[in-house]
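Comments concern the structure below.
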Amino acid sequence: IKCLNSNHEGALIDALQDARAWAGGVVFNPGGYTHTSIALRDAISAIQIPVIEVHLSNVYAREEFRHKSLISGVCKGKITGLGWLSYSLGLRALIEILED
């Protein structure tokens with residue numbers, strides 16, 4: 001398991017592309033880029049490993065613009081609104097997907 005945090009879209013794209021070489025999948029919190037980044041969507045689609053989208057807050061209980069994710073359509077699944085448990089559940093889901 002490798003953890004990375006960045007506020008830079010390009011660094012996140014690089015990390016996703018790098019993951020294809022060593023990881024079976026990715027648990028990914030795109031933060032504010034969820035609603036704006038076609039580049040991250042394209043990177044997720046291109047790496048061809050399962051990606052679980054996670055969010056600490058319930059994006060559907062927030063502003064209307066946060067209800068639309070450009071990322072979800074290319075992810076294997078999405079977990080939102082469970083605080084730190086979102087990461088734990090995302091990892092558990094990824095493990096189950098990889099074991100199937």
Check: Mind checking what makes side chain to side chain donor-acceptor pair (under 3.5 Å) contact with Y87, not counting sequence neighbours?
Finding: N29

Checklist line | Rounded distance [0.5 Å steps], CD1 in I49 versus CD1 in I97 | finding: 11.5 Å

Notebook entry, point to check: Which heavy atom in A19 sits nearest to a heavy atom in V26, and how many Å separate them?
Noted result: CB-CG2, 3.8 Å

Item checked: Pairs involving residues 36-45, ordered by first then second residue, that meet side-chain hydrogen bond (donor to acceptor under 3.5 Å, both in side chains) (sequence neighbours left out) -> E9-S37

Next item on the list: Determine the minimum heavy-atom distance between V54 and S86, stating which atoms define it.
Entry: CG1-O, 3.5 Å

Notebook entry, point to check: Does L70 belong to the same Ile/Leu/Val/Met/Phe/Trp/Tyr cluster as L40, with side-chain heavy atoms less than 4.5 Å apart forming each link?
Noted result: no

Next item on the list: Determine yes or no for a side-chain-to-main-chain donor-acceptor pair under 3.5 angstrom, with H55 supplying the side chain and P30 the backbone.
Entry: no

Next item on the list: With rounding to the nearest 0.5 Å, note down the distance linking CG in L4 to CG in L12.
Entry: 6.5 Å

Check: Going only through I, L, V, M, F, W and Y residues with side-chain contacts under 4.5 Å, is there a path from V51 to I1?
Finding: no

Next item on the list: Please report the shortest heavy-atom distance between H67 and R62, naming the atom on each side.
Entry: NE2-O, 3.1 Å

Taking distance alone, no hydrogens or angles, what donor-acceptor pairs closer than 3.5 Å link side-chain atoms of residues 71-85 to residues at least two apart or in another chain?
from, atom 1, to, atom 2, distance (Å)
S72, OG, E53, OE1, 2.6
S72, OG, S69, OG, 3.1
S72, OG, K78, NZ, 3.4
K78, NZ, Y60, OH, 2.9
T80, OG1, S57, O, 2.8
T80, OG1, V59, N, 3.4

Margin query: Is there a path of hydrophobic side-chain contacts, each under 4.5 Å between heavy atoms, that joins V27 and L16?
Written below: no

Notebook entry, point to check: Which residue pairs satisfy the side-chain hydrogen bond (donor to acceptor under 3.5 Å, both in side chains) criterion with at least one member in residues 91-100, sequence neighbours excluded?
Noted result: none

Notebook entry, point to check: Tell me the ring-ring contact (aromatic ring centres under 6.0 Å, His included) pairs involving residues 2-30, sequence neighbours left out?
Noted result: none

Note to self: The criterion is side chain to side chain donor-acceptor pair (under 3.5 Å); which residues satisfy it with E63, sequence neighbours excluded?
What the structure shows: R66

Note to self: How close do A11 and S6 get, counting heavy atoms only, and between which atoms?
What the structure shows: CB-OG, 3.4 Å

Notebook entry, point to check: So which heavy atom on A43 is nearest to which on I13, and how close?
Noted result: CB-CG2, 4.0 Å

